[in-house]
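Quick note: numbers below take in every heavy atom, side chains included, and nothing from hydrogens, waters or symmetry partners.
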Amino acid sequence: MTGNDRLPKLIFKIEHAQAWREAKRAGVYAGAPIDRRDGFIHFSAATQVSGTLERYFADRSDLLLIAVDTSRCGDALLWEVSRGGERFPHLYATLSMEAVVGVEPIGADGTLPNAKAWGLTA
């Protein structure tokens with residue numbers, strides 16, 4: 001995808017609650033260890049959240065779903081081909097707390113909060 005006019009309004013990050021609490025205290029989110037290793041923060045579009053949750057977080061608990069307004073990410077947000085040839089949102093900067101529009105716990109059974117309101121698909 002190119003051009004911010006065609007970007008989805010929201011993208012999502014799955015993160016451990018403790019890591020998110022630390023980011024909130026710092027006032028900025030620099031990403032998970034894999035993000036820092038790769039040089040960008042990995043996000044998912046609404047249609048990709050369930051797959052990301054199943055693939056990378058199936059055995060984890062105490063997770064949060066963080067909703068981010070793409071219009072507040074600037075030019076550092078790029079959509080790049082990744083898993084299965086799909087384009088995923090990658091943020092080549094730290095995430096400002098001003099870009100975050102919602103944070104909710106993910107159920108222990110993997111249920112997604114605000115699934116319908118946020119346009120998430122199973």
Side-chain angles (χ1 to χ4, degrees):
M1 287 184 171
T2 59
N4 285 342
D5 56 325
R6 296 189 329 188
L7 291 177
K9 172 82 173 138
L10 297 176
I11 56 175
F12 301 90
K13 179 70 178 172
I14 300 167
E15 184 54 275
H16 297 277
Q18 179 59 37
W20 188 248
R21 283 190 293 270
E22 292 169 12
K24 286 202 61 165
R25 275 194 295 274
V28 68
Y29 177 67
I34 190 171
D35 299 323
R36 293 188 299 274
R37 183 197 73 203
D38 290 347
F40 57 86
I41 300 175
H42 296 262
F43 285 92
S44 296
T47 58
Q48 299 164 331
V49 170
S50 291
T52 298
L53 187 59
E54 290 171 13
R55 183 176 180 122
Y56 298 103
F57 298 94
D59 60 343
R60 311 266 172 83
S61 60
D62 200 24
L63 296 173
L64 299 174
L65 184 66
I66 301 152
V68 173
D69 182 340
T70 58
S71 70
R72 298 180 189 177
C73 293
D75 293 336
L77 180 63
L78 301 176
W79 290 76
E80 299 176 310
V81 175
S82 187
R83 166 175 92 222
E86 282 188 78
R87 290 185 182 273
F88 280 77
H90 297 153
L91 183 63
Y92 285 86
T94 57
L95 176 65
S96 163
M97 291 298 152
E98 288 78 34
V100 176
V101 295
V103 178
E104 294 195 34
I106 295 174
D109 61 353
T111 54
L112 298 169
N114 277 325
K116 189 172 185 177
W118 286 351
L120 302 174
T121 59

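- Rounding to the nearest 0.5 Å gives a distance of 12.5 Å between CZ of Phe43 and CD of Gln48.
- Nearest heavy atoms, Ala67 versus Phe12: CB-CE2, 3.7 Å.
- His42 NE2 to Glu80 CD: the interatomic distance, rounded to the nearest 0.5 Å, is 9.5 Å.
- The two atoms that bring Ala76 and Ala93 nearest to each other are CB-CB, 3.8 Å, heavy atoms only.
- Of the inter-residue distances, the one linking Ile41 atom CD1 with His90 atom NE2 reads 11.0 Å to the nearest 0.5 angstrom.
- Among all heavy-atom pairs drawn from Glu15 and Ala32, the shortest one is OE2-CB, 3.7 Å.
- Between the CD1 atom of Ile106 and the CG atom of Leu65 there is a distance of 5.0 Å, given to the nearest 0.5 Å.
- Using a 4.5 Å heavy-atom cutoff, the side chains of Tyr29 and Asp35 are in contact.
- Tyr92 and Phe40 have tilted rings, their planes meeting at an angle from 30° to 60° on a 0 to 90° scale.
- For Ala46 against Gly119, the heavy-atom pair with the smallest separation is CB-O, 3.2 Å.
- Nearest heavy-atom pair across Val68 and Cys73 is CG1-SG, 3.6 Å.
- Atom CZ in Arg21 sits 12.0 Å away from atom NE2 in His16 (nearest 0.5 Å).
- Paired with Ile66 under the rule side chain to side chain contact (heavy atoms under 4.5 Å, CB included), one option of Val100, Ile11, Ile14 passes, and it is Val100.
- Atom OG of Ser71 is separated from atom CG of Leu10 by 9.0 Å, given to the nearest 0.5 angstrom.
- Counting only distance, with no hydrogens or angles, the side chain of Asp69 and the backbone of Ala99 share no donor-acceptor pair below 3.5 Å.
- Of the possible polar contacts, one joining the Thr70 side chain to the Pro8 backbone as a donor-acceptor pair under 3.5 Å is found.
- Residues Phe88 and Thr52 are in side-chain contact: their nearest non-hydrogen atoms beyond the backbone lie under 4.5 Å apart.
- In this structure, Arg36 contributes its side chain and Ala30 its backbone to no donor-acceptor pair below 3.5 Å.
- When the side chains of ILVMFWY residues are joined at heavy-atom separations under 4.5 Å, either directly or via intervening members, Trp20 and Val28 end up in two distinct hydrophobic clusters.
- Looking at heavy atoms from C-beta onward, Leu95 lies out of side-chain contact with Lys13 at the 4.5 angstrom threshold.
- In this structure the side chain of Leu63 reaches within 4.5 angstrom of the side chain of Leu53, judged on heavy atoms.
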